[in-house]
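What follows is a short report on a single structure.
Numbering of ligands and ligand atoms starts at 1, following listing order.
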Amino acid sequence: MTTTLYTGIGELTTNVARTGDPCGTITGVAVLVDDGRVSWVGAASDAPDGADAVVDLDGRSVVPGFVDSHTHLVFAGDRADEFAARMAGTPYAAGGIRTTVAATREASDDALRARVQGLVAELHAQGTTTFEIKTGYALTVDGEERLARLAAEVTPEVTFLGAHVVPAEYQDDRDGYVDLVCGPMLSAVAPYARWVDVFCERGAFTAAEGERILRAGAAAGLGMRVHGNQLGIGDGVRLAVALGAASVDHCTYLDDEDIAALAQSDTVATLLPGVEFSTRQRYPSARRLLDAGVTVALASDCNPGSSFTSSMPLMIALAVREMGMTVSEAVWAATAGGARALRRSDVGHLGVGARADLVVLDAPSRTHLAYRPGVPLVHEVVRAG
Ligand code: NIG
Ligand code: FE
């Protein structure tokens, strides 16, 4: 058992809510980490003696490790040409997913593993300490099982997304593909997965298909998540709320009914501003959701098509500048919000007992995450102590 005392913290974001401050901000404090957990937080002058190591953070601010609750990190190739064409005026269409499916099916385990490890290193360097990974770029039984197995090597938060799009070989047999997803594919992937997800959108899966797949996943012991309302008004949010999904992600196009349904539910609205940034869609209003009482998370959606960035600080900056969030709301959404979306109580905050995931910023306050966009402010990342 090792204990480390982090002292000299200028501003600490604990996310242990206090009246008027969901971020639970305290200043001039120290944090004691014992065997990977936060065991004491308090005024630096009251810090306990006898820690095995003492680290003086010299007035830097500390936030909880970012919780990126939505990524698609296991894939091969890239779609830089598609991005360049988009910037020249071609609109985003989810059809590009098939380009990545073709490249991923061809890639060896080692090539995919090396790619994932590179991306995970990027995430860590930018302060992400908990992340989810979806399958969805193989769309065959063996292929999806392989992606889930590789994802499970780097995170316990693996999501089965066999229902990403209908693959070309099932173009004329959608029902056959949904049967495959709900049957043999789910059985092969479930041992590696914690979640099941469906892309419920025009051009992907209908609400009826999505409901079948989500219910099959739930019957196999998986929690539910939905990709919805990305490309237009649709059924994704209503489906997620009706089934009690943990999260519905994108939420770019919402009507009043969607917002009212979310406000009365435990389903988190996960916003993915990297997608609007890289596809030149309009940003959704997080303000509208927050004012209605909806729980909002921020995630990167890191994938080669709609958002090829692994940066949670960028998500915070975009959410503040483009979606009407305050800095505190955005930092909360990128930490505690992501933890809610993954139904985790051990991460996303720095209360006593939390996993000791600390991001030390080369900045006096968390505000700098939005105020200084694009600047590498992460000084040090402590992962589970
Ligand atoms: O979350 N919406 C569906 N899936 C991904 C896009 C994947 C891709 O374009 O490759 C998303 O944006
Ligand atoms: Fe996604």
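Those atoms of ligand 1 with a heavy atom of Ser306 less than 4.0 angstrom away are 6 (C), 9 (O), 11 (C), 12 (O). Counting atoms of ligand 1 from 1 in the listed order, those under 4.0 Å from a heavy atom of Tyr137 are 7 (C), 8 (C), 10 (O). Close contacts of ligand 1 with His70, meaning ligand atoms under 4.0 Å from a residue heavy atom, involve 1 (O). Taking every non-hydrogen atom of His250 and a distance limit under 4.0 Å, the qualifying atoms of ligand 1 come out as 1 (O), 2 (N), 11 (C), 12 (O).
Taking both residues in full, the closest heavy atoms of Leu369 and Ala317 are given as O-CB, 3.9 Å, listed atom of the first, atom of the second, then distance.
Remark: Asp179 engages Arg212 in a salt bridge, criterion side-chain N to carboxylate O under 4.0 Å.
Residue contact check for ligand 1: Glu201 places no non-hydrogen atom closer than 4.0 Å to it. At least one heavy atom of Asp301 sits less than 4.0 Å from an atom of ligand 1.
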Given Arg288 and Asp256, is the salt bridge (charged side-chain N to carboxylate O under 4.0 Å, His left out) satisfied, shown in steps? CA-CA 10 Å; Arg288 208 170 144 216; Asp256 292 344; 3.0 Å; yes
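Among protein heavy atoms, the minimum distance from atom 2 (N) of ligand 1 is reached at Gln230 OE1, 2.6 Å. Shortest contact from atom 4 (N) of ligand 1 to any protein heavy atom: His164 NE2, 2.8 Å.
Using cut-offs of 30° and 60° for the angle between ring planes, the Phe75 and Tyr137 rings count as perpendicular. Using cut-offs of 30° and 60° on the angle between ring planes, the pair His227 and His70 is perpendicular. The aromatic rings of His368 and Tyr371 lie perpendicular to each other, with more than 60° between the two planes, well past the 30° mark.
When distances from the Fe ion (ligand 2) to the N, O or S atoms of Asp301 are compared, OD1 comes out shortest.
Considering both main-chain and side-chain atoms, Thr100 never comes within under 3.5 Å of ligand 1 through any nitrogen or oxygen pair.
Here Asp249 fails the criterion, with no N, O or S atom under 2.8 Å of the Fe ion (ligand 2).
With the Fe ion (ligand 2) as the vertex, NE2 of His70 and NE2 of His72 span 100° to the nearest 10°.
Of the candidates Phe308, Phe199, Tyr92, it is Tyr92 that places a heavy atom closest to atom 6 (C) of ligand 1.
Under the 3.5 Å distance criterion, with hydrogens and angles disregarded, a donor-acceptor pair is assigned to the side chains of Thr279 and Gln281. Donor-acceptor pairing under 3.5 Å is lacking for the side chains of Gln230 and Thr252.
If you chain together hydrophobic residues whose side chains sit under 4.5 Å apart, Met312 and Val116 fall into the same group.
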